[in-house]
Chemist: 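One structure, as structure tokens, below. Some questions next.
Reckoned from all heavy atoms, side chains included, excluding hydrogens, waters and symmetry mates. We count ligands from 1, going down the list as the structure has it; atoms in each ligand are counted the same way.
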Amino acid sequence: MNANTPERPHILQIGSLLPALENWLRERYVLSVLDDASDPAAFLAEQGARFAGVATSALFGVSAAQIAAMPNLRVISCFGVGVDKIPMDVARSRGIAVGYTPDILNDCVADTAFALLLGVARATPEGDRYVRSGRWAQLGASSFHLGRKVSGARLGIVGLGRIGRTIARRALGFEMDIHYHARHPVADAPWAYEPSLVELARWADFLVVITAGGAGTRHLIDAAVLDALGPRGFLINVSRGSVVDEPALVRALAEKKIAGAGLDVFENEPQVPAELLTMDNVVLLPHVGSATEETRLAMAQRVIDNLDLFFAEGRLITQAP
Ligand code: 8YV
């Protein structure tokens, strides 16, 4: 760099990111990785003033204390659509732009919802374990229990945003009957709006949760909703663990108050309640809704494009609301 070249912006990386994204960040910016510091808080207290940008993910977010330690922070670029780990009010009050990656992951999260739904209804992980353990060979052709029919069943969707609509479109292929619950009816949505979440649960064979996380939706799926879902109902969660009252879910499953659950997200990731690990009517995934090569790479590209555009023109392609 010669004396006339302006110094590239300094970016702080929070948490681990896709290796390709880390490389792109390194090529374009002066990158510091918070996890590399032996004492991250001390590092930020000492060096926070040099960062103009933060690159983080939906998983790690950034705390209000970390933002406070970066007085010159102008932009946060988040790998993911959920910004529940970013204090948006703090960012707003400081005039810090927050970029995120909406739409890019709609297909993969919707696919994951169906992987879980089919997995738990048709017991595919359980069937796989059955074959591998030799029990099929021992016990014979009709020894495995019957599953539940997905095609034509009643699907209740909690949250009809971008991903909720994509799930609904998938469900049309399965000729499912679709109702949804959201804070308000969604304009132009051709599916029946159910203002009461409990009534939606009572009606549904499968209740798929895809609402945003955060304080406003904490424990939306509580014991009353699970009771209403009933002993033949399945819960699928591809949103945030915080949306479901996890101890109530564990109790409902243990007491057979609901038929089963397919879960990609948990209240205290990566910790999963021990009781769930031994239940056959539960399918568990390690928060991989968006985790395909294609989608994660496209998300990484958006994180970079948001930063590049911000530093070039002071705006983002996709600004979090
Ligand atoms: C993230 C997610 O990819 O987008 C979100 O909100 O939860 C996932 O898609 C995951 O957090 C990776 O960091």
Chemist: Less than 6.0 angstrom separating the ring centers of F79 and Y100, yes or no?
Modeler: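 So the answer is no for these two rings.
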Chemist: Check each N or O atom of ligand 1 against all protein N or O atoms and list the pairs under 3.5 Å, with atom names and distances to 0.1 Å, one per line.
Modeler:
residue: ligand 1; atom: 3 (O); partner: S290; partner atom: OG; Å: 3.1
residue: ligand 1; atom: 3 (O); partner: R296; partner atom: NH2; Å: 3.4
residue: ligand 1; atom: 4 (O); partner: V81; partner atom: N; Å: 2.7
residue: ligand 1; atom: 6 (O); partner: V81; partner atom: N; Å: 3.4
residue: ligand 1; atom: 6 (O); partner: G82; partner atom: N; Å: 2.8
residue: ligand 1; atom: 6 (O); partner: R240; partner atom: NH2; Å: 2.7
residue: ligand 1; atom: 7 (O); partner: R240; partner atom: NH1; Å: 2.9
residue: ligand 1; atom: 7 (O); partner: R240; partner atom: NH2; Å: 3.2
residue: ligand 1; atom: 7 (O); partner: H287; partner atom: NE2; Å: 2.8
residue: ligand 1; atom: 9 (O); partner: S290; partner atom: OG; Å: 2.8
residue: ligand 1; atom: 11 (O); partner: L59; partner atom: N; Å: 3.4
residue: ligand 1; atom: 13 (O); partner: S57; partner atom: OG; Å: 3.4

Chemist: Give the table of side-chain donor-acceptor pairs shorter than 3.5 Å for residues 103-112, with sequence neighbours excluded, one pair per line with atom names and distance.
Modeler:
residue: D103; atom: OD1; partner: N106; partner atom: ND2; Å: 3.0
residue: D103; atom: OD1; partner: R162; partner atom: NE; Å: 3.4
residue: D107; atom: OD1; partner: R170; partner atom: NH2; Å: 2.9
residue: D111; atom: OD1; partner: R170; partner atom: NE; Å: 2.8
residue: D111; atom: OD1; partner: R170; partner atom: NH2; Å: 3.1
residue: T112; atom: OG1; partner: C108; partner atom: O; Å: 2.8
residue: T112; atom: OG1; partner: G289; partner atom: O; Å: 3.0

Chemist: Under the 3.5 angstrom rule, does the side chain of E269 hit a backbone N or O of F266 as a donor-acceptor pair?
Modeler: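 The answer is yes, because a donor-acceptor pair under 3.5 Å joins these two groups.
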Chemist: May I have all residue pairs that pass salt bridge (charged side-chain N to carboxylate O under 4.0 Å, His left out) and include part of residues 73-92, sequence neighbours excluded?
Modeler: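 Those involving residues 73-92 are D84-R240.
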Chemist: Which label fits F206 and F234: parallel for a plane angle under 30°, tilted from 30 to 60°, or perpendicular past 60°?
Modeler: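 Geometry flag for F234 against F206: parallel rings.
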Chemist: Sequence neighbours left out, cut at 3.5 Å: what donor-acceptor pairs do the side chains of residues 174-185 make with other protein atoms?
Modeler:
residue: Y180; atom: OH; partner: V186; partner atom: N; Å: 2.7
residue: H181; atom: ND1; partner: E194; partner atom: O; Å: 2.9
residue: H181; atom: ND1; partner: P195; partner atom: O; Å: 3.3

